[in-house]
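Data first, discussion second: the structure below is written as structure tokens.
Computed from a predicted structure; not experimentally measured. We count ligands from 1, going down the list as the structure has it; atoms in each ligand are counted the same way.
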Amino acid sequence: MDVSKAIKERRSVRNFKPDPVPEKDLLKILDAGRWAPSSGNTQPLELIVVKEPKTKEKLAKAARGQSFVSEAPVVIVVCANIPRTERRYGERGRNLYVIQDTAAAAQNIHLMAYALGYATCWVGSFHDDMVAEVIEAPEKIRPLAIIPLGKPKKIPKTPSRRDLENIIHENKF
Ligand SMILES: Cc1cc2nc3c(=O)[nH]c(=O)nc-3n(C[C@H](O)[C@H](O)[C@H](O)COP(=O)(O)O)c2cc1C
């Protein structure tokens, strides 16, 4: 699929068919995350792949009751291994780069999933401590995004974007 098609046509989908995601496709989707850029190639990415119904339900609860999270056959918890980046970049690595690194990986995951005919949603509203407990994250492994993944039941309309000319600033803000 053309990259511009994936960028423009990917939507945040909040309802999923129960059909399982074949391992071959799942691995391609996860691998897209691995190929994202990262600060100094420190690669803080850690991916928790959840298929157990009970664990998915706990994640939905931790995501402030967003029940569509547990509807998806697979839920990916995108985490940052903070020491990997902090070791090289200190406070900036801990507070900024790990977030950028994992966000880049998350977006690659969304785009690859879409290109392979799947739907995802970026879920960022969750209780950090609850998610960390559900996935048994060691200290310094920070969950940064939850991505439910599966075949869509219904694709929502395209939400509008700000006009390009209103966000481009030439030379100065
Ligand atoms: C950092 C971040 C956090 C988000 N958190 C949630 C969330 O908790 N629940 C949800 O339903 N959508 C969430 N979204 C999805 C946005 O609502 C969605 O991307 C936006 O409305 C634009 O729609 P589109 O992705 O279909 O273009 C989040 C997106 C981002 C980037």
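- Look at Glu71 and Lys154 and you find no salt bridge, because none of the NZ, NE, NH1 or NH2 atoms lies under 4.0 Å from a carboxylate O.
- Geometrically, Lys151 does not engage Phe16 in a cation-pi contact defined by less than 6.0 Å to the ring centre and at most 45° from the axis.
- For Thr102 (side chain) and Ile99 (main-chain N/O), a donor-acceptor pair under 3.5 Å exists by modelled atom type.
- Closer than 4.0 angstrom to ligand 1 sit non-hydrogen atoms from Arg10, Arg11, Ser12, Arg14, Gln66, Phe68, Cys121, Trp122, Val123, Gly124, Ser125, Pro159, Arg161.
- For the salt bridge (Lys or Arg N to Asp or Glu O under 4.0 Å) test, no residue two or more places apart in sequence or in another chain qualifies with Lys28.
- For Arg34, the salt bridge (Lys or Arg N to Asp or Glu O under 4.0 Å) partners two or more places apart in sequence, or in a different chain, are Asp31.
- Annotation: salt bridge (Lys or Arg N to Asp or Glu O under 4.0 Å) contacts of Arg11 (sequence neighbours excluded): none.
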